[in-house]
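Lettering of chains follows the sequences in order, A, B, ..., and the numbering in each one begins at 1.
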Number of protein chains: 2
Amino acid sequence: MDQRVKKKATIYDLSVLSGSSPSTVSAVLNGTWRKRRIKESTAQTILGLAELHQYTTNLQARGLRRSRSGLVGLMLPVHDNRYFSSMAQTFEGHVRSRGQCPVVVSASRDPEEERRTAETLISYSIDQLFIVGATDPDGVHEVCELAGLRHINIDLPGTKAHSVISDNYQGARMLTEAIIRRFGNDDPLRPDELFLFGGRNDHASRERIAAFHATKKALLGADPDDGVQSSGYSPDITLRAFEAFYQCRGKLPRALFINSSINMEGLLRFMAGRPAEMFSELVVGCYDYDPFGSFLPFPVIMVRQNVEAMITKAFELIDEPPTAPHTFLIAPELIQPRSALKGPLDTLKDIA
Amino acid sequence: MDQRVKKKATIYDLSVLSGSSPSTVSAVLNGTWRKRRIKESTAQTILGLAELHQYTTNLQARGLRRSRSGLVGLMLPVHDNRYFSSMAQTFEGHVRSRGQCPVVVSASRDPEEERRTAETLISYSIDQLFIVGATDPDGVHEVCELAGLRHINIDLPGTKAHSVISDNYQGARMLTEAIIRRFGNDDPLRPDELFLFGGRNDHASRERIAAFHATKKALLGADPDDGVQSSGYSPDITLRAFEAFYQCRGKLPRALFINSSINMEGLLRFMAGRPAEMFSELVVGCYDYDPFGSFLPFPVIMVRQNVEAMITKAFELIDEPPTAPHTFLIAPELIQPRSALKGPLDTLKDIA
DNA sequence: AGTTTCTGCACCATCGATTGTGCAAGCGAA
DNA sequence: TTCGCTTGCACAATCGATGGTGCAGAAACT
């Protein structure tokens with residue numbers, strides 16, 4: 001009875017021990033026993049035995065029978081980033097509070113990997129899939145659709161399922177404006193002194209770049225065409241973009257719009273080894289919030305996407321009866337330099 | 001045939017279509033068909049049909065039968081932190097390269113939650129569990145042991161299973177030394193000017209604190225008893241510790257040893273709203289690495305734990321036949337201020 | 001021709017839980 | 001006493017894949 005590594009108890013074991021049938025045991029243990037008119041005392045007996053023998057449901061068996069698993073998937077581009085990891089943290093909280101089990105995986109922004117990952121999750125009969133920042137949301141949709149899996153896009157929109165995304169245009173507008181206004185009237189920013197680094201050809205980048213251009217034009221009167229240096233979502237490519245810029249012009253712009261914290265890491269790589277004074281006059285706007293990024297030696301204005309609101313909205317939508325795909329915008333928030341905001345961790349129990 | 005949301009094809013469907021038995025189909029699809037002496041041509045037929053009908057294995061069914069799932073679990077304290085999220089990123093790479101599916105979940109440093117989480121994962125018949133930074137590793141061990149689940153501790157050691165952890169003592173020694181040496185001989189640091197913030201009563205904190213004391217004593221000749229302000233792993237408690245300290249002494253210490261990046265966020269919260277000049281002379285050592293943290297306006301010396309080495313070692317150990325529990329130390333690395341290091345993301349394909 | 005050895009596959013029990021259905025015993029009413 | 005209803009549960013099919021075993025027919029050998 002107390003041997004190490006004993007087999008786990010099953011409903012059949014409890015059935016023998018209790019003298020009831022497996023189906024009765026099953027009903028008692030999964031809570032449907034009142035509906036099946038099982039006597040209270042029978043239920044108590046079985047529950048007692050279950051406790052005693054440390055019974056736990058084999059969720060694979062249940063999943064096989066019910067053809068759902070109780071697993072809820074979150075597919076991220078990458079883990080190693082405060083934006084996405086706070087997404088994971090928030091997501092977990094929601095899933096847990098629904099009594100399900102979160103499964104967080106990353107797919108490296110690779111369309112092929114994204115589809116494979118979705119397929120794997122489907123093979124485990126996950127109940128729902130939240131697709132965050134996918135490079136090819138519609139490709140993933142295809143896979144989910146075939147399997148009849150409820151899914152929703154977050155952060156980057158698709159055309160075939162609901163999407164909940166940051167209001168990138170407004171966010172970028174606010175950010176560009178804040179960067180420009182940061183310079184006083186005595187020495188105002190010139191249009192050719194503000195550059196955008198990062199981004200690629202995705203919806204978020206396009207919106208941000210459009211807002212960047214429009215706001216520059218509106219506030220600075222002009223907007224030279226070369227104001228944007230695409231460099232994907234890679235620190236190293238961004239580093240090279242900065243190096244190329246620097247080589248070419250002999251200096252950095254006075255002000256930068258950086259498309260994401262990942263690109264911001266490219267700026268850090270550029271800064272490493274160069275004198276701090278080189279950057280003392282710099283003003284940076286970054287479309288993402290990172291508490292440490294907010295305290296760099298130069299002013300960094302950041303945009304915090306409202307992760308909590310996005311996840312909440314996504315959970316609402318995913319449960320609703322399906323309608324024509326729609327994209328929901330969630331307003332992000334402008335964060336002044338030197339701000340240390342609370343995050344999902346702050347809701348955890350504090351233990352000193 | 002092309003209806004939306006058709007049921008997924010099973011081996012039975014393919015069995016009918018191909019005229020072979022389900023077991024033959026199964027063998028062909030899971031690759032054991034040569035061992036079962038299935039004719040090449042039969043196999044090809046079935047593979048062709050599988051392709052045609054987009055067959056994918058129902059992994060819950062397989063898992064039920066084989067009583068393993070192909071899932072490998074990683075249990076983190078929290079997601080929203082560069083140390084743990086880089087752990088997740090690295091872990092994923094390893095699991096994927098073994099053809100299994102990573103499942104990353106967090107358990108909030110709550111012993112109860114840790115055990116529940118382990119139990120849930122066990123109910124899904126995960127194959128292995130990597131337990132990172134658990135508050136009660138031995139409690140989790142108990143649960144795993146009962147289920148015969150292979151598991152290993154990372155970051156915080158347990159006494160009942162192998163552990164792979166950072167060499168906290170050496171790391172803290174290096175860090176303390178680097179902080180002290182940062183001050184020149186003309187205005188050397190006094191013992192009562194260096195304080196440690198953060199940490200609680202766990203193995204890592206104890207080791208670090210011990211090394212902190214020892215190194216202070218060795219290099220500064222003395223070590224007043226009140227040099228340590230425990231504040232758990234919570235930004236807010238750390239904030240309050242700084243506020244209390246400041247209230248009491250009217251200033252911050254000249255030098256700080258901060259126990260983790262989470263505690264470091266407490267310092268950020270303290271900085272927010274206070275003038276930057278207040279911190280211009282500060283020297284900080286932080287036991288954790290965060291690229292943005294490395295570029296704060298004052299020198300921040302960081303310790304980077306070798307996540308890749310830890311995970312690699314853990315994978316080696318978890319596959320080995322079990323022996324008496326042993327703790328393996330992995331040397332961390334001292335990172336000079338203003339360093340932007342490569343991380344797990346840099347191994348991904350760069351797409352501009 | 002008779003016997004042994006391969007080939008190539010089918011059969012069937014099994015993993016553990018779920019759920020539609022059936023049915024006996026008990027009870028009240030007619 | 002008989003009919004009908006309720007109570008309390010057991011039976012058995014099912015989810016999809018796996019793998020041990022057995023067996024017919026062909027090939028090889030004596």
Inset, instruction - Please confirm whether any donor atom in the side chain of B/Ser23 sits under 3.5 Å from an acceptor in the base of C/dC11, or the reverse. - result: yes
Legend entry - Residue mapping more 5' on DNA chain D - nearest nucleotide basis, B/Leu59 or A/Tyr12: A/Tyr12
Legend entry - Between D/dA17 (C1') and B/Ile46 (CD1): distance, integer Å: 14 Å
Inset, instruction - Please determine if a side-chain N or O atom of A/Tyr55 lies less than 4.0 Å away from the OP1 or OP2 oxygen of C/dA17. - result: yes
Legend entry - Among C/dC11, C/dA17, D/dG16, the nucleotide that comes nearest once only the side chain of A/Ala61 is considered: C/dA17
Inset, instruction - Looking at every strand, decide which applies to B/Ser20 at a 4.0 Å heavy-atom threshold: base, sugar-phosphate, or nothing. - result: sugar-phosphate
Inset, instruction - Identify whether the distance between the nearest side-chain nitrogen and carboxylate oxygen of A/Arg98 and A/Asp319 falls below 4.0 Å. - result: yes
Legend entry - Which residue lies more 5' along DNA chain D, comparing B/Asn30 with A/Arg37 via nearest heavy atoms: A/Arg37
Legend entry - Contact check, side chains of A/Ile46 and A/Thr42, non-hydrogen atoms, under 4.5 Å: yes
Inset, instruction - Let me know the distance between CZ of B/Arg34 and C1' of C/dT7, rounded to the nearest Å. - result: 15 Å
Inset, instruction - To the nearest Å, give me how far apart CG (A/Leu64) and P (C/dT14) are. - result: 17 Å
Legend entry - Sequence neighbours excluded - salt bridge (charged side-chain N to carboxylate O under 4.0 Å, His left out) pairs with any residue from residues 13-38 of chain A: A/Arg34-A/Glu40
Legend entry - Interatomic distance where CG belongs to A/Asp13 and C1' belongs to C/dA17 [whole Å]: 13 Å
Inset, instruction - Name the nucleic acid region contacted by A/Ser26, choosing base, sugar-phosphate or nothing; use a 4.0 angstrom heavy-atom cut-off, strictly under. - result: base
Inset, instruction - Would you kindly check whether a donor in the side chain of A/Arg36 faces an acceptor in the base of C/dG20, or vice versa, at under 3.5 angstrom? - result: yes
Legend entry - Whole-Å distance separating the CD1 atom of B/Ile38 from the P atom of C/dA10: 7 Å
Legend entry - Donor-acceptor pair, side chain of B/Ser86 and main chain of B/Tyr83, under 3.5 angstrom: yes
Legend entry - Atom-pair distance (CG on A/Leu29; P on C/dT18), nearest Å: 8 Å
Inset, instruction - Tell whether A/Ser67 reaches the base of D/dC15 with its side chain through a donor-acceptor pair below 3.5 angstrom. - result: no
Inset, instruction - Take the angle between the ring planes of B/Phe91 and B/Phe130 and call it parallel below 30°, perpendicular above 60°, tilted in between. - result: perpendicular
Inset, instruction - Measure the angle between the two terminal helix axes of the helix from C/dA1-D/dT30 to C/dA30-D/dT1, five base pairs each, and quote it to 10°. - result: 60°
Inset, instruction - Quickly work out the B/Trp33 CH2 to C/dC9 C1' distance and round it to whole Å. - result: 14 Å
Inset, instruction - Give a yes/no on whether any side-chain N or O of B/Thr42 is located under 4.0 angstrom from OP1 or OP2 of C/dC9. - result: yes
Inset, instruction - Considering just the side-chain nitrogens and oxygens of A/Arg66, establish if one lies under 4.0 Å of OP1 or OP2 belonging to C/dT18. - result: yes
Inset, instruction - Please state whether the phosphate of C/dA10, meaning OP1 or OP2, lies under 4.0 angstrom from any side-chain nitrogen or oxygen of B/Ser21. - result: yes
Legend entry - Salt-bridge criterion met for A/Glu142 and A/Lys160 (N-O under 4.0 Å): yes
Inset, instruction - State whether B/Arg116 and B/Glu119 are salt-bridged, where the test is any N-O pair (Lys NZ or Arg NE/NH1/NH2 against Asp/Glu carboxylate O) under 4.0 Å. - result: no
Inset, instruction - Grab the OH-C1' distance between A/Tyr124 and D/dC15 for me, whole Å please. - result: 17 Å
Inset, instruction - Rounded to the nearest 0.5 Å, what's the gap from CD on B/Gln128 to CG on B/Leu71? Could you check? - result: 11.0 Å
Inset, instruction - Report the nucleotide, chosen from D/dG8, C/dC12, C/dT19, that has the shortest atom-to-atom distance to any side-chain atom of A/Arg65. - result: C/dT19
